[in-house]
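Structure, as structure tokens:
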Amino acid sequence: MGRYYILRDRAVVEEPDFGKWLEWHQTSYEKVRCIAHTEVKFGAVVTVFLGMNMRESEADPPWLFDTRVCGGWLTGEWERSSTLREALVSHEAWVARIHELESGNKPPPPDALW
């Protein structure tokens, strides 16, 4: 498993040359970074492509995507994924979990709002 990756046409490609990865990161990363963004009643769920393996063990699949909850009852909760498909499934699961919490129409604690 490599350390650096690029996202080309929503396909993850390992980039072993750090110079090429850095050039891609400077010119293209912001355009492809956000994979999914869903506004919910008291915040948002955001999934991004990280561009590098965030897992320390090279024996396990790389962590290349990050899904985070911003605001509401679950603010600060996160999950990492190895593939785009896993990341999108994770994103939808977090959104569904939050919608279930929001269905009670009880607002989250004030410190959980963003």
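Keep in mind the model is a prediction, meaning the values are calculated, not measured.
Linking Ile, Leu, Val, Met, Phe, Trp and Tyr residues whenever their side-chain heavy atoms come within less than 4.5 Å leaves Val69 and Val89 in two separate clusters. Trp78 and Leu88 are assigned to two separate hydrophobic clusters, defined by single-linkage of ILVMFWY side chains at heavy-atom distances under 4.5 Å. Hydrophobic clustering, with ILVMFWY side chains joined whenever heavy atoms are under 4.5 angstrom apart, groups Met52 together with Leu22. Val13 is connected to Leu84 through a chain of hydrophobic side-chain contacts under 4.5 Å among Ile, Leu, Val, Met, Phe, Trp and Tyr, so both are in one cluster.
Using a 4.5 Å heavy-atom threshold, the side chains of Phe65 and Val12 count as touching. Looking only at side-chain heavy atoms (C-beta outward), Glu102 and Trp73 come within less than 4.5 Å of each other.
For Trp24 and Glu15, the side-chain atoms include no donor-acceptor pair closer than 3.5 Å.
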Residue pair Trp94, Glu77: steps toward the side chain to side chain donor-acceptor pair (under 3.5 Å) verdict:
CA-CA 9 Å; Trp94 281 103; Glu77 294 287 323; over 6 Å; no
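One finds the OG atom of Ser81 at 9.5 Å from the CG atom of Leu64 (value rounded to the nearest 0.5 Å). Taken to the nearest 0.5 Å, the CZ atom of Arg8 stands 9.5 Å off from the OG atom of Ser28. Rounding to the nearest 0.5 angstrom, the gap separating the CZ atom in Arg55 from the CG atom in Leu50 is 12.0 Å. Interatomic distance, OG of Ser90 versus CZ of Arg68, reported as 11.5 Å (0.5 Å rounding). One finds the CD atom of Glu86 at 12.5 Å from the OG1 atom of Thr47 (value rounded to the nearest 0.5 Å).
At distances below 3.5 Å, at least one donor-acceptor pair connects side-chain atoms of Asn53 with backbone N or O atoms of Trp63. Side-chain atoms of Asp17 come within 3.5 Å of backbone N or O of Gly19 as a donor-acceptor pair.
The aromatic rings of Trp21 and Tyr4 are tilted relative to each other, their planes meeting at an angle between 30° and 60°.
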Using atom types as modelled, flag every donor-acceptor pair under 3.5 Å from a side chain in residues 29-36 to any protein atom, sequence neighbours excluded.
residue	atom	partner	partner atom	Å
Tyr29	OH	Phe49	O	2.7
Lys31	NZ	Thr27	O	3.2

